[in-house]
There are 2 protein chains.
Amino acid sequence: MQTSWEEPPERGRPRRSGADEAILKASRELMFEHGYAGFSMDEVASRAGVGRQSVYRRWPSKAALVVASMTWTFDSPDVFKDTGSFEGDLRAGLAIMRDLYGQSSTDIFGDVYFAMASDSAARELFNRNYVAPRRESLARAIERAIARGELREETDAVIVSDMVSGPFLYRILIGDYELNDSLVNAIVEGVIKVFGTGQTTDVVTPPSGT
Amino acid sequence: MQTSWEEPPERGRPRRSGADEAILKASRELMFEHGYAGFSMDEVASRAGVGRQSVYRRWPSKAALVVASMTWTFDSPDVFKDTGSFEGDLRAGLAIMRDLYGQSSTDIFGDVYFAMASDSAARELFNRNYVAPRRESLARAIERAIARGELREETDAVIVSDMVSGPFLYRILIGDYELNDSLVNAIVEGVIKVFGTGQTTDVVTPPSGT
DNA sequence: TGAATAACGATACGAGAATACCGTATTGTT
DNA sequence: AACAATACGGTATTCTCGTATCGTTATTCA
């Protein structure tokens, strides 16, 4: 995954190797310790052992750095893996999302979305590093489902993406942060009933949340 | 609607009448003119003709003020009016939301969500002034639908709310801001197929977007 | 070998948010 | 009439983001 905002130039003194990772690591730690508003770029720089200008050389804003550090080294973005049926793929992906967002420090994710919304560079990083790979993973699952005859050929992957991810985002940002299985079931049922052909395949149920 | 963050005390010199509205109006105007990052609390205060401290006496942060001013004097929060059928109620409410968010200056709403997410006071104001009334409006529509026999009795109003509002929020914050009728249709179809009884009532179609 | 380029840490700076005061003004209570 | 409480406009202060600039250092190219 691309970490810094822009590729460094090829001429001149090269950037110190390992500095990118040190900065990302420091930003991530400080996010979990103090949240977005609770730390400064000075602290990031000093914890990473670099000058502050070296941070701004790699990311154009605090928001962009935070988004980069929080979308860095997430598990495989291919969350909607092939389980043999579309419902299984969908449930597997949603189980991953539910476990991720359902863990203790939920305010963190609100902070990340806040950072994302506040800055165009952060928004672009968020799309590139997080949203796009997951969208593509879902699009592949939809293609498999169409090939299997589970979904109709004209299924709109963008709308499915909205229907799948939207309610999660809504709960995290606005709702009471409780991500339960009822919501997952409703989403799965809704998508399949709207875009399905009626033909189903046996489902391998994913394990319930940790 | 309650405007300022906390009720003023009952003792001592009373707050200048009209100042609340002047501040909200100034904040709103500046939001439409320059966006969230494009104006300062000094400008709000001077345009409203008050001291800056008088602004902070009423709202604890810029984010809270912006949320209060942008959720102030919206049209009736009862967006899911009784049209005779649940599908009609839902389509009417979604048409209002689509027209609202679909209008030209969409970045404004991104800014509002950003402000909302960045501050706990702003979040609380947003819930109190905006989300809660619309949630209740939808809950009433669901109750009517259950009474008519269109929805099952165990329909979970919170989940329906997530399924209805989530995709819209997702498109505004993360998607390409294009709120089209395909999305509305998929949402309506999804909710009714998941929670419906199969019994339907004739739909009065709302006018399509401006 | 020398010039060009760009990173490095460090520091100064301007802008704006939020807080803390100042003296003054306005209300209700004693 | 005196007093407590609070609002008022105004100003100073602190904090942090983001930009600019310093002299130094490392690397590539001619």
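Below, chain A is the first sequence line, B the second, and so on; all start at residue 1.
Here Arg47(A) pairs with Glu29(A), Glu33(A) under the salt bridge (charged side-chain N to carboxylate O under 4.0 Å, His left out) rule; sequence neighbours left out. Listed by chain and number, the residues in a ring pair (Phe, Tyr, Trp, His ring centres under 6.0 Å) with Phe114(B) are Phe114(A), Tyr36(B) (sequence neighbours excluded). Residues that satisfy the ring pair (Phe, Tyr, Trp, His ring centres under 6.0 Å) test with Phe126(A), not counting sequence neighbours, are Tyr113(A), Tyr130(A). Residues satisfying the salt bridge (charged side-chain N to carboxylate O under 4.0 Å, His left out) test with Asp119(B), not counting sequence neighbours, are none. Listed by chain and residue number, Arg171(A), Glu178(A), Ser182(A), Leu183(A) satisfy the side-chain contact (heavy atoms from CB on, under 4.5 Å) test with Asn180(A) (two or more places apart in sequence, or in another chain). Residues passing the side chain to side chain donor-acceptor pair (under 3.5 Å) test with Glu189(A) are Lys193(A), sequence neighbours excluded. Under the rule for a side-chain contact (heavy atoms from CB on, under 4.5 Å), the partners of Ser40(B) that lie at least two apart in sequence or sit in another chain are Asp42(B), Glu43(B). Residues meeting the side-chain contact (heavy atoms from CB on, under 4.5 Å) test with Val79(A), sequence neighbours left out: Ile96(A), Arg134(A), Ser137(A).
Protein chain B contacts DNA chain C from dG16(C) to dT27(C), reading 5' to 3' and using non-hydrogen atoms of the protein with a distance under 4.0 Å.
Of the residues in residues 34-49 of chain B, Phe39(B), Ser40(B), Met41(B) come within less than 4.0 Å of DNA chain C through at least one heavy atom, sorted by number. Interface residues of residues 15-25 of chain A facing DNA chain C, ordered by number: Arg15(A), Arg16(A); criterion, heavy-atom separation under 4.0 Å.
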Seminar exercise, completed: Scoring nucleotides 21-30 of chain D by protein non-hydrogen atoms under 4.0 Å (B base, S sugar-phosphate only, - none) yields B---BBS---
